[in-house]
Amino acid sequence: MRLPESIKALSILLLVAVSIRLISFFPSVIDHDESTYLVIADAVSQGYTYQVDYIDTKPIGIFLVLAALKSLLGHAIWGYRLVAALVLGLTAFLLYRAKRIQGSSWAAALSAGIIYLILNSLFTRFGVSPNTETYFNLFTAGALLLFFQYRSYTAFLVAGLLLGIGFVIKYVVLFDGLAFGAFLMFQSLRREGNVVKALSQALTMAMGAAIPFAMVVGYYYQIGEFDRFWFNSITVAGRYPSSRAFSHYIVFFFEFFLRFLPVTVLFIIGLWHKTVKLSVRQFGLIWSAFALASVLIPGNAFGHYYIQFMLPFSYLAGEFFGLPRQEVPRWLRWMRHPRIGYALLGLLFVTHLLLQKKDYLDRPDNVRYAAQYLNQHLEPGDLIYTQEDQAIYFMTRRLPLIPYVHPSLFWLDKHIEAMEIDVEKEVAKIEAAAPRFMVFRYPVETERFAAYRAAHYTQVANIGDYVVIFERKN
């Protein structure tokens, strides 16, 4: 019995997503952003209010998603990594389905999905650590499928709704929506008489996209915290003007394309080869331009920003594998030979797992060791403070003593100024709480807590010259 094509593709993509990321499930910390999301989601699941009780610069969506998962996964970090892998696999499948609807071959569509998974799973800062982009791309891909599969206004409304859900995970999804709308208008201008219809479809999509954000705004307004929500979510973001030199943008731009050079070559072929369907190339170009703008405009060289661009990047790169063999450039035809292609994929997979083992399993997990030490000594009701490694809160089932969970918000001047943080007030709050344990990175800071620590605490553990634990004196 032959499996239906879609079931076969879904099975392959989910299997690839889990297997290629398996080793990354186990370290306690890959990136501080993920740890922050887990800690705040833990607080939200206990009834605390985001942007009031606990604060970050991200929209609320990622915290609601992870808070909802907590009832199923508890405090098992590997479980959230597994879910992230499944989300990536499902995103790749939706990309595959959208391309099939648009007329791409099975090979081109499936390859696009596999490329997306590989791009997300090679480098720590470019997708291995789950981030907001990991999740909002799922909704973008869902909107993409509806965008191509149906032409009814209901479909455009639902597609917009999906983009809106992505928007409340991270506001840059706006650029994906603009790309979809721009393509509608571009097509209409090439077909005389359809401009009004295209505009109405784009507006319908925009109406759907506005619904989730309107619900978030309405919630904060209802509980009387609209001003605080608006300040932390919108006002603060505008206080980070980019002062980067133009050379910074150039380096950041080319870093991605050189880092993934083989796929860059496939992307260029998919974009310019005349055998590829014209509408695929046109949409891919428009979507890529808007997604790149979203990556570059903030002016921050964070690799995970490029995850958003990986969707249109893979969308076009996959077309290389749908080209007739005689249309493939001669110097690349060896890639289409099954024995060579599968052997290279196998070699890449084994090498990748060995490198991940070196990065994530062979290195001592000092943060986990610190949490284990604390769990062995903590009593019910005991409080802790950790300067840097907020994952310790999650693994010890404690909550932070101040609203600012990500350490950079409380320790970097640019964030303190932008968010108008009263550092002395927050330090006093921590000291007044008299936590039983205080955890610092090695070497221990001598700026804010030195005198308080010397007077009231004694060092009880040094975990690998990485984490130092102090216990309150009796």
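We're numbering straight along the sequence, starting at 1.
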Is the ring pair Phe63/Tyr50 parallel, tilted or perpendicular, if the boundaries are 30 and 60 degrees? tilted
Would you please indicate if the ring centroids of Phe167 and Phe175 are separated by under 6.0 Å? no
Please confirm whether the backbone N or O of Leu348 pairs with a side-chain atom of Thr351, one donor and one acceptor, at under 3.5 Å? no
Would you say the side-chain atoms of Thr36 and Gln390 include a donor-acceptor pair closer than 3.5 Å? yes
Given the rule in the side chain to side chain contact (heavy atoms under 4.5 Å, CB included) test, do Thr386 and Phe437 qualify, once you have shown the distances and angles that lead to the verdict? CA-CA 8 Å; Thr386 176; Phe437 292 99; over 6 Å; no
Do you know the tightest heavy-atom contact between Ser111 and Ala107? OG-O, 2.6 Å
Find the distance between CZ (Phe93) and CD1 (Ile12) and round it off to the nearest 0.5 Å. 11.0 Å
Which residues pass the side-chain hydrogen bond (donor to acceptor under 3.5 Å, both in side chains) test with Tyr404, sequence neighbours left out? none
Under 6.0 Å from the CZ atom of Arg397, do we count more than 12 heavy atoms belonging to anything else shown? no
N/O donor-acceptor pair under 3.5 Å between Thr140 side chain and Phe136 backbone: yes
Could you check whether the rings of Phe126 and Phe123 sit parallel, tilted or perpendicular, using 30° and 60° as the cut-offs? perpendicular
Can you tell me how far CZ of Phe321 sits from CD1 of Ile115, rounded to the nearest 0.5 angstrom? 5.5 Å
Would you tell me whether Asp382 and His377 have side-chain atoms, one donor and one acceptor, within less than 3.5 Å of each other? no
Is a side-chain donor or acceptor of Ser121 paired with a backbone partner of Ile118 at a separation under 3.5 angstrom? no
Return the minimal non-hydrogen interatomic distance between Gly127 and Ile307, and the atom names on each side. CA-CD1, 3.6 Å
Is it the case that the side chain of Asn375 and the backbone of Met395 share a donor-acceptor pair, with hydrogens and angles ignored and the cut-off at 3.5 Å? yes
Residues Val439, Gln387; criterion side chain to side chain contact (heavy atoms under 4.5 Å, CB included); working and verdict: CA-CA 6 Å; Val439 184; Gln387 169 205 8; over 6 Å; no
Is it true that a side-chain atom of Gln51 and a backbone atom of Tyr54 form a donor plus acceptor pair closer than 3.5 Å? no
Under 3.5 Å, is there a donor-acceptor pair linking the side chains of Asn131 and Tyr37? yes
Please tell me whether Tyr306 and Glu255 have a donor and an acceptor in their side chains that are separated by less than 3.5 angstrom. no
Could you tell me which non-hydrogen atom of Leu95 sits nearest to which non-hydrogen atom of Ala112, and how far apart they are? CD2-O, 3.8 Å
Which atom of Ala202 lies closest to which atom of Gly181, heavy atoms considered: CB-CA, 4.4 Å
Residue Glu417 excluded, over 12 heavy atoms near CD under 6.0 Å: no
Decide, yes or no, whether a salt bridge links Arg81 with Glu34 under the criterion of side-chain N to carboxylate O below 4.0 Å. yes
I need the Leu162 CG to Phe147 CZ distance, nearest 0.5 Å. 13.5 Å
Run the side chain to side chain contact (heavy atoms under 4.5 Å, CB included) test on Tyr466 and Val367 for me, step by step, so that the C-alpha distance in whole Å, both residues' side-chain angles and the decisive distance to 0.1 Å come before the verdict. CA-CA 8 Å; Tyr466 186 82; Val367 175; 3.9 Å; yes
Sub-3.5 Å donor-acceptor pair from the side chain of Lys277 to the main-chain atoms of Gln102, do we have one? yes
ring-ring contact (aromatic ring centres under 6.0 Å, His included) between Phe253 and Tyr249, worked out: CA-CA 6 Å; Phe253 176 85; Tyr249 290 94; over 10 Å; no
Under the 3.5 angstrom rule, does the side chain of Lys357 hit a backbone N or O of Asp362 as a donor-acceptor pair? no
Are a donor atom and an acceptor atom from the side chains of Asn137 and Gln308 found within less than 3.5 Å of each other? no
Please name the pair of heavy atoms, one in Leu323 and one in Thr275, separated by the smallest distance, quoted to 0.1 Å. CD2-CB, 3.9 Å
Does Phe267 form a side chain to side chain contact (heavy atoms under 4.5 Å, CB included) with Ser288? I'd like the steps, not just the answer. CA-CA 10 Å; Phe267 170 77; Ser288 296; 3.6 Å; yes
Please evaluate residues Lys274 and Glu327 with respect to the criterion salt bridge (charged side-chain N to carboxylate O under 4.0 Å, His left out), reporting the C-alpha separation (whole Å), side-chain torsions for both, the decisive distance (0.1 Å), and the verdict. CA-CA 10 Å; Lys274 292 184 179 180; Glu327 295 292 338; over 6 Å; no
Results of salt bridge (Lys or Arg N to Asp or Glu O under 4.0 Å) for Asp389 - residues two or more places apart only: Arg441
At what distance, to the nearest 0.5 angstrom, does NE2 of His406 lie from CD1 of Ile55? 14.5 Å
So does Ser28 get a backbone contact from the side chain of Asp365, meaning a donor-acceptor N/O pair under 3.5 Å? yes
Rounded distance [0.5 Å steps], OG in Ser129 versus CG in Asp33: 7.0 Å
Would you please indicate yes or no on a ring centroid separation below 6.0 angstrom for Tyr385 and Phe449? yes
Quick check, are the ring centers of Tyr116 and Phe313 under 6.0 angstrom apart? no
Is the number of heavy atoms from other residues, nucleotides or ligands within 6.0 Å of CZ (Phe25) greater than 12? yes
Under 30°, 30 to 60°, or over 60°: which ring-plane class applies to Phe180 and Phe283, parallel, tilted or perpendicular? tilted
Measure from the side-chain N and O atoms of Arg97 to the backbone N and O of Leu145, and report whether any donor-acceptor pair falls under 3.5 Å. no
For the student: nearest non-hydrogen atoms of Ile392 and Thr396, plus distance: O-OG1, 2.7 Å
Would you please test Tyr373 and Tyr369 for ring-ring contact (aromatic ring centres under 6.0 Å, His included) and show each step? CA-CA 6 Å; Tyr373 176 91; Tyr369 301 153; over 10 Å; no
Do Tyr360 and Thr124 get their side chains close enough for a donor-acceptor pair, meaning under 3.5 Å? yes
Taking only Lys NZ, Arg NE, NH1 and NH2, and the carboxylate oxygens of Asp or Glu, determine whether Glu319 and Arg281 approach each other closer than 4.0 Å. no
Nearest 0.5 angstrom please: Leu316 CG to Leu285 CG, how far? 8.0 Å
Verify the neighbour count for atom CZ of Arg325: are there more than 12 heavy atoms of other residues, nucleotides or ligands below 6.0 Å? yes
